[in-house]
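This chain uses plain numbering: 1 for the first residue, then up along the sequence. All ligand and atom numbering here is 1-based and tracks the order in the structure. Since the model is a prediction, treat every value here as computed from it, not as a measurement.
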Amino acid sequence: MSLWGGRFSEPSDQDLRALNDSIGFDIRFYREDIEGSIVYALALADAEVIRSEEARAIVAGLREVLQEFETGDFELQEADEDVHTAVERRLIELIGDVGGKLHTGRSRNDQVATDFRLWSMRAADRLASELRDLQAAIVETSESQVETLMPGYTHLQPAQPITVAHWLMSFFWMLERDQDRLGSARQRMSICPLGSGALAGNPFCLDRQQIAADLGFDAPSQNSLDAVSDRDFVSDLLYAIALCASHLSRLAEDILLYSNPSFGFITLYDRYSTGSSLMPQKRNADPMELMRGKAGRLVGNLAGFLTTLKGLPSGYNKDLQEDKESLFDSCDTMHQLLPVMTAIVASLQVNPEEMIASLTEELLATDLADYLVRKGVPFRQAHHIVGEVVRLASEGRTELSALPLPSLQAISPVFGADVAEVFDFAQSVAKRRTYGGTAPDEVRKQIALAKTRLTS
Ligand code: ARG
């Protein structure tokens with residue numbers, strides 16, 4: 001039995017059914033559907049649309065349906081077009097015609113908007129907690145690497161020395177912004193469409209404040225027409241996920257590079273690496289490539305769904321059914337990615353000697369310019385002078401520190417014997433102690449601040 005057979009003279013075409021039915025995926029929110037129905041039945045009784053015994057029978061029936069789902073005993077039937085149809089069909093089988101009173105004044109339009117918001121709120125909570133675990137792993141690994149030196153890059157060219165903790169903590173803050181985005185998406189989601197009917201509102205004077213509160217929403221939606229077609233909450237979550245995935249992808253790319261034997265900065269445990277079917281020596285970081293690859297798919301889910309929404313006429317349109325598979329896919333993918341990234345960050349093996357070996361004195365060229373600046377040379381001139389010094393060293397295939405003082409002084413008389421002190425990577429890092437810099441003391445403060453975020 002479908003929910004809308006009355007005005008139809010022939011059964012639906014099979015291919016239409018395959019296209020139209022959403023039971024294959026919306027069954028995932030049977031719990032939210034039943035919770036919404038329980039609250040709705042009580043609201044109908046409060047408004048004296050149905051008798052309280054009827055509401056009691058409906059609630060008891062719905063609890064039984066829920067039980068069947070939970071124990072795996074729920075049997076789908078051919079006519080079950082979507083989860084809403086399936087639940088109501090089974091309710092009526094269990095408690096008889098009184099079950100048919102549940103849908104009074106309600107539409108699947110306000111029903112599905114409510115169910116999916118509830119589901120999405122829970123999904124956002126789970127993602128936030130998985131993200132917290134990754135942030136905690138970043139903080140923990142960073143704590144032991146506050147003094148470990150490594151080359152920092154711009155344009156993927158060696159730039160200036162930084163510390164491993166500073167590198168890793170940069171991802172903490174990206175993920176912290178992702179937390180904010182998830183949190184604010186979660187907050188905007190917490191608006192209850194139930195009681196909006198198909199589009200025009202509910203004619204039975206239901207207490208929508210109560211319905212919203214009973215379902216754990218912050219407030220009822222303000223406009224019934226908007227409420228049934230608003231999927232901003234799906235877009236919000238898809239965006240928060242897409243951006244978070246792109247952060248994971250960037251971290252993955254760094255890990256891929258730094259674990260490459262040409263860098264050798266870090267080593268991944270065998271359990272997070274994969275081999276080659278042909279080349280026996282290979283040890284590939286496939287999980288990191290999947291972080292990178294799947295980020296593309298998650299960005300695609302966002303772009304695809306925004307395109308679906310664009311230009312829809314007012315009110316509910318079946319296009320909106322497309323919200324589910326993309327969000328399910330994005331959430332499921334994140335649930336796969338986040339724990340793997342957390343485990344990899346927590347077990348990162350850092351090779352400090354390899355990092356130090358890759359620190360070339362050119363990374364201190366800025367420090368050399370700063371040395372001149374401290375002696376009163378305008379930075380622009382200092383930059384030019386050091387450029388000449390670097391060229392001299394590079395032409396003579398020698399390190400900067402190996403250039404004799406007279407050669408330096410031939411370029412600028414400001415150079416003195418104390419220039420030797422510049423060629424110290426730890427000093428270079430320690431000097432960057434302005435708020436937010438890579439100096440170990442600053443990074444320690446950064447970590448302390450991060451910890452307060454983890455516990456707040
Ligand atoms: N399966 C539908 C969806 O996900 C439920 C709402 C159907 N409403 C309708 N008027 N056909 O959007």
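For the pair P339 and H335, the tightest heavy-atom approach, listed with the atom from each and the gap, is CD-O, 3.0 Å.
Every residue was checked against the salt bridge (charged side-chain N to carboxylate O under 4.0 Å, His left out) condition with E289, not counting sequence neighbours, and none meets it.
Using cut-offs of 30° and 60° for the angle between ring planes, the F328 and W119 rings count as perpendicular.
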Would you mind writing out a table of all protein N or O atoms found under 3.5 Å from any N or O atom of ligand 1, naming both atoms and giving the distance to 0.1 Å?
| residue | atom | partner | partner atom | Å |
| --- | --- | --- | --- | --- |
| ligand 1 | 1 (N) | S22 | OG | 3.0 |
| ligand 1 | 1 (N) | Q321 | OE1 | 2.7 |
| ligand 1 | 4 (O) | K324 | NZ | 2.4 |
| ligand 1 | 8 (N) | N109 | OD1 | 3.0 |
| ligand 1 | 10 (N) | N109 | OD1 | 3.0 |
| ligand 1 | 12 (O) | Y316 | OH | 2.4 |

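By the 6.0 Å and 45° rule, R231 does not stack over the aromatic ring of F305.
In this structure, the side chains of D367 and Q160 stay at 4.5 Å or more apart for every pair of heavy atoms. Residues R28 and D332 form a side-chain contact, since some pair of their non-hydrogen atoms from C-beta on lies under 4.5 Å apart.
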